[in-house]
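Structure first, commentary second.
Below, read A as the first sequence line, B as the second, and so on, with proteins coming before strands; counting in each chain starts at 1. What you see is a predicted model, and the numbers here were worked out from it, not measured in a lab.
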Protein chains: 2
Amino acid sequence: MTSDCQKLSSVLQLWDKSLVVEGLRQMRNTQTMAELQLQSPGKQPTIRDVAELAGVATSTVSRALTKPGRVNHVTRERIEEAAAKLNYIPSSQARGLSSGRTQTVAVLVPDITNPFYFDIIRGTQHQLKAAGYTQLLVDTEESAEMEADALQKMRRSADGFILAASRLTDEQLTEAAAQQPLVTINRAPAIAPTVVIDTPSAIIQALEHLVSLGHTRICFVGGPATSWSNAKRWQAFQVETKERELTTSRVGPFAPKTTSGAAAADAAVHTGATACIVFNDLLAIGMLQRLRERGIRVPEDMSIVGCDDIFGADFCNPPLTTMASPIEQAGRVAVSMLLSRLNPQYGGTSRRLAVMPTHLTVRASTGPAPER
Amino acid sequence: MTSDCQKLSSVLQLWDKSLVVEGLRQMRNTQTMAELQLQSPGKQPTIRDVAELAGVATSTVSRALTKPGRVNHVTRERIEEAAAKLNYIPSSQARGLSSGRTQTVAVLVPDITNPFYFDIIRGTQHQLKAAGYTQLLVDTEESAEMEADALQKMRRSADGFILAASRLTDEQLTEAAAQQPLVTINRAPAIAPTVVIDTPSAIIQALEHLVSLGHTRICFVGGPATSWSNAKRWQAFQVETKERELTTSRVGPFAPKTTSGAAAADAAVHTGATACIVFNDLLAIGMLQRLRERGIRVPEDMSIVGCDDIFGADFCNPPLTTMASPIEQAGRVAVSMLLSRLNPQYGGTSRRLAVMPTHLTVRASTGPAPER
DNA sequence: ACAAGGATGACAAGCGATTGCCAAAAATTG
DNA sequence: CAATTTTTGGCAATCGCTTGTCATCCTTGT
C-alpha cells in the first residue's frame with residue numbers, strides 16, 4: 001500500500017530516532033510478559049478460579065456478582081476480593097449463552113458518514129453504556145436489503161434493535177418487529193415503538209418564515225424516495241402551502257449527500273422558485289456550494305432552508321437556516337424505550353411514540369424575496 | 001421529556017390519521033405471530049434442529065458450515081439446505097464460547113463526534129465486515145482512564161483492538177499490547193503495530209506553502225497535551241521552522257473542538273503571527289468563525305492551515321487549506337494489520353508500521369502575507 | 001481380491017457462565 | 001428448647017456450538 005523501507009526510515013528519523021530500538025526493547029518485554037501469562041494455564045481467569053480462591057462454589061460466585069442480596073454480605077466481599085485479585089471479568093459469551101441475553105443492542109443507520117446519524121449514535125451510545133449495554137453499530141448503506149439482512153443475521157447476537165430512518169417496507173418492518181424487540185426512529189406507521197422528529201411542524205415554521213420574508217414561489221427539494229420522513233415532510237409541505245396559497249414545485253428525489261447538491265440546485269433554480277425547503281442539511285450545503293459557483297446569491301436571489309441542523313450547518317457559507325431538533329436526545333429516548341421493553345421490571349410506562357420537538361434556527365441562508 | 005397526549009394527537013393527525021388504529025391492528029398481528037413462534041419450543045433453531053432435519057450429527061453440521069472440505073460435498077448441500085429451510089443462524093455466543101474467538105474487534109476512539117474519527121470508523125467498519133468480523137465502537141471521551149478500562153473490560157469480548165489516537169501512556173500501552181492483540185493509529189513509539197499519518201511531512205508542505213506566500217511569522221496552534229500526533233507535529237514544526245529561520249510562536253493546548261477555536265484564534269492573533277498551522281480542522285474552523293467575528297480577514301490578515309481535511313473543511317468560510325490524508329484507508333490498513341495477526345495463516349507479511357501519505361490541499365484560507 | 005490409507009461422519013467432552021432445586025445452617029417463634 | 005421459617009451456598013443440568021478422537025466406509029495399489 002505504501003512504499004516501505006525508504007520512506008519509512010526517513011519518517012522514523014523525523015519522528016523518533018530511537019523508534020526501532022525502542023520497538024525491539026519492548027518486543028523483548030512482551031516476550032517476557034507472554035511467558036508469564038502462559039504459566040497460568042488458561043490465560044484468562046474463570047469463575048472457577050475465583051470460586052476456588054474464595055473457597056466457595058462457582059454458583060455462589062455467580063450469584064454474588066449478579067444477584068445482590070442473594071448471597072451473604074461477608075461472603076460476597078470475600079468473593080469480590082478474590083475476583084479483584086484475579087482481575088476477573090466474566091465472559092459475556094458464556095453469560096449470554098446460559099442467560100439467553102447478550103446485553104447488546106444493535107443500532108442500524110443508513111449511512112455512518114452522515115452527521116445526522118452521528119448525533120443519534122452518540123445519543124444511543126451514551127444511554128446504552130449507562131444501562132450496561134453494548135452498542136453494535138451497523139451501516140446499512142441506505143439499502144433495505146442490507147437492513148433486513150442485518151436484522152436476520154444479528155437476531156441471535158443482539159437483545160434488541162434500533163432502526164434509524166429505516167428503509168424497510170411496512171411489511172418487512174412489521175415482520176421484523178414480530179421477531180425481535182425493536183424501536184424505530186423517524187418511522188412511525190409501524191408496529192414498533194417509535195421516536196419521531198416533528199419535522200412537519202418544522203415545515204410549518206419554515207414556511208411561515210419564508211412567507212414573512214415575502215416568498216411566494218417555494219420549491220421542495222426531496223430526499224430519498226424510500227425515506228419515510230421525506231414523504232411526511234412533502235405531505236406537510238403540500239398541505240401547508242395549499243392553505244397559504246403558495247406556488248410550489250418539487251424536485252428530486254436526491255441522495256442525501258452534499259454531492260447531490262449540484263443537481264438539486266440546478267433543478268431548483270430551474271423551477272423559478274425564490275426559496276427552497278430542502279430535505280436535509282447535507283443536500284442543502286451541497287446546493288449552497290453549487291449556487292455560489294453559478295453566481296446565484298444566497299439569500300439575495302434564493303433562500304435555502306435545510307433540515308436537521310447538523311455539524312457544519314453553522315459554519316457553511318452562508319450559515320444555513322435550518323430546522324433543528326434534539327437529535328441526540330432522540331437517540332437516547334429510543335434506547336430507553338427499547339430497554340423498558342427488554343426489562344419490563346424496571347421500565348416504567350413504555351411509550352409507543354415519542355415526538356421530539358423542532359424549531360427553526362434562522363441563519364443567513366434565508367432573506368427577503370427578491371423584487372421581481 | 002415531551003409533553004404528550006395533546007401534542008401527540010395533533011402530530012398524528014398531520015402525519016397519519018390512521019396511525020393509532022393501524023398500531024392496534026398490527027399489535028394484534030404481533031400477538032398472533034408471537035403465538036406462532038411459541039409453538040416451536042426453543043424459538044430459535046439450533047444446530048441440533050438442523051442436524052436432525054439433515055439426518056446427521058451436530059458435529060457434521062458444524063463442520064459443514066465452518067470447515068469447507070472437511071465434509072462431503074453432497075452432505076454439505078443437504079445440510080445447507082436444511083439450515084436455509086430452518087433459517088438457521090449459529091449463535092455467535094455459543095460459537096465464541098467453544099472456539100475461544102469472538103469474531104469481534106473493538107475500535108476505540110477518543111470522540112465519536114469528531115469527523116476525523118468518522119472516516120476511520122468507516123474504514124475499519126468496511127474492512128471488518130468484509131472479513132466477517134463485527135466492530136464494537138467505543139468512545140473513550142478523550143480519557144486515558146476510560147480507554148484502559150474499556151481495554152480491560154472488553155478483553156474477553158473482542159479478539160483484538162484498534163486504538164485510534166490513544167491517550168494512554170507508553171507504559172499503559174505496552175502493557176495493553178502484551179495482554180491482547182492491538183493496533184494503534186497515530187501512535188508510533190510502542191510495541192504495537194501502528195498506522196501513522198505522515199503529518200510531519202505535511203507540516204513541511206504547509207510551511208513551504210506559507211513561506212512561498214511570504215509569511216515569516218508563523219504560529220503553531222496546539223491540540224491536546226496528551227496527543228502523540230500533536231507532539232510529533234510540534235516537533236516537526238520546530239525543526240522545519242528553525243531550518244527556514246522563521247519566527248515562530250506556539251499557543252495551546254486546546255481541545256480539538258470548534259468551540260475551542262475562539263480562544264485559539266485570540267491567542268494566535270495576540271502572537272502577531274500572519275499564519276497559523278492548526279492542530280486540526282475542527283479547531284481551525286472554530287478559529288475561522290472567531291476571526292470573522294473579530295473582523296480579522298482570512299486570508300488577507302491571517303492565513304490558516306488545518307489538518308485532516310475533515311467533512312466541512314471544503315465548505316466552511318473561507319474553505320480551509322488543510323493537510324489531507326487517506327484517513328479511511330488508515331482505518332482499513334489498521335484492520336488488515338490486526339487481522340493478519342489474529343489469523344496468521346491467511347495474513348501475509350504482517351507489517352509493524354504503515355505510513356499513510358499526506359498532501360496539502362490548498363483552498364481559500366491561505367493567501368499572501370499582509371504587507372507590513 | 002486383500003491390505004493400506006484417506007475421506008467421512010458420529011461420539012462425547014468441554015467452553016464459562018446461569019439457575020432450579022435442595023440441604024445445611026442460622027434465625028425466629030411459640 | 002423444640003419447631004419452623006428463612007438464609008445461604010452447593011450440586012448438577014443446561015445453554016449451543018466446536019473439536020479431538022475414533023470407527024466406518026470407500027478408494028486404491030498390488
Side-chain angles (χ1 to χ4, degrees), chain A residues 40-80 82-83 86-104 132 153-159, chain B residues 40-80 82-83 86-104 132 153-159:
Chain A
S40 61
K43 191 140 180 147
Q44 298 285 7
T46 76
I47 199 172
R48 252 186 293 276
D49 301 323
V50 178
E52 195 174 337
L53 182 57
V56 296
T58 61
S59 52
T60 308
V61 175
S62 171
R63 284 195 267 265
L65 265 31
T66 58
K67 313 256 199 310
R70 180 63 179 71
V71 155
N72 186 299
H73 166 68
V74 45
T75 321
R76 166 144 56 105
E77 272 182 6
R78 193 149 38 90
I79 292 176
E80 278 170 353
L86 293 175
N87 191 16
Y88 166 74
I89 304 271
S91 147
S92 48
Q93 313 250 28
R95 198 195 286 253
L97 222 209
S98 46
S99 70
R101 331 187 65 247
T102 62
Q103 293 294 102
T104 289
K153 293 255 172 70
M154 309 184 62
R155 62 167 200 264
R156 300 289 290 268
S157 35
D159 289 345
Chain B
S40 60
K43 194 143 176 144
Q44 298 286 8
T46 76
I47 200 171
R48 252 186 293 277
D49 301 323
V50 179
E52 195 174 338
L53 183 56
V56 296
T58 61
S59 52
T60 308
V61 175
S62 172
R63 291 203 176 89
L65 264 32
T66 58
K67 310 258 199 310
R70 179 66 179 70
V71 154
N72 186 297
H73 166 68
V74 45
T75 320
R76 166 143 54 106
E77 271 183 6
R78 192 150 38 91
I79 292 176
E80 278 170 353
L86 292 175
N87 192 16
Y88 166 73
I89 304 271
S91 149
S92 48
Q93 313 253 23
R95 197 194 286 251
L97 223 210
S98 47
S99 70
R101 331 187 63 249
T102 61
Q103 296 293 104
T104 290
K153 292 256 171 67
M154 309 184 65
R155 64 167 198 264
R156 301 289 294 267
S157 34
D159 290 343

Atom pair distance, as rounded to whole Å: [atom1] in [X] and [atom2] in [N]:
X	N	atom1	atom2	answer
B:Ile47	D:dG16	CD1	P	11 Å
A:His73	D:dT6	NE2	P	23 Å
B:Arg101	D:dT18	CZ	P	13 Å
B:Leu97	D:dT19	CG	C1'	14 Å
A:Gln93	D:dC17	CD	P	13 Å
A:Ile89	C:dC15	CD1	P	20 Å
A:Leu86	C:dG16	CG	P	14 Å
A:Glu52	D:dG10	CD	P	13 Å

**Phosphate-side-chain proximity, A:Ser62 and C:dT18, N/O vs OP1/OP2 below 4.0 Å** = yes

Report yes if at least one side-chain N or O of B:Lys67 is closer than 4.0 Å to OP1 or OP2 of D:dT19; otherwise report no. yes

Nearest to the side chain of [X], which nucleotide is it out of [options]?
X	options	answer
A:Thr75	C:dT18, C:dG9, D:dG9	D:dG9
A:Thr66	D:dG16, C:dT18, D:dG10	C:dT18
A:Val56	D:dG10, D:dC17, D:dC15	D:dG10
A:Arg70	D:dT8, C:dT18, D:dT18	D:dT8
B:Asn72	C:dG9, C:dA17, D:dC17	C:dG9
B:Ala57	C:dA10, C:dA17, D:dT18	C:dA10

Of B:Ser99 and B:Thr60, the one whose nearest nucleotide on DNA chain C sits closer to the 5' end is B:Thr60

In terms of heavy-atom contacts, A:Arg95 and A:Thr66 come closest through NH1-CG2, 3.3 Å

In terms of heavy-atom contacts, A:Ala51 and A:Ala57 come closest through CB-C, 3.8 Å

- Message: Less than 4.5 Å apart, side chain to side chain, heavy atoms only: is that true for B:Arg63 and B:Val56?
- Response: no

| said: Just so I know, are the side chains of B:Ile47 and B:Ser62 near enough to count as touching, which here means a heavy-atom distance under 4.5 Å? | reply: yes

Examine the base of [N] for any acceptor or donor lying under 3.5 Å from a partner atom in the side chain of [X], and report the outcome as yes or no.
X	N	answer
A:Arg95	C:dG16	no
A:Ser59	D:dC11	yes
B:Ser91	D:dC15	no
B:Arg63	C:dG9	no

Using a heavy-atom cut-off of 4.0 Å across all strands, would you classify A:Arg76 as base, sugar-phosphate, or nothing? nothing

Distance col, row A:Gln93:CD vs B:Ser98:OG, nearest 0.5 angstrom, shows 9.0 Å

When A:Ile89, A:Leu86, A:Leu53, A:Val50 are each screened for side-chain contact (heavy atoms from CB on, under 4.5 Å) with A:Pro45, the one that passes is A:Leu86

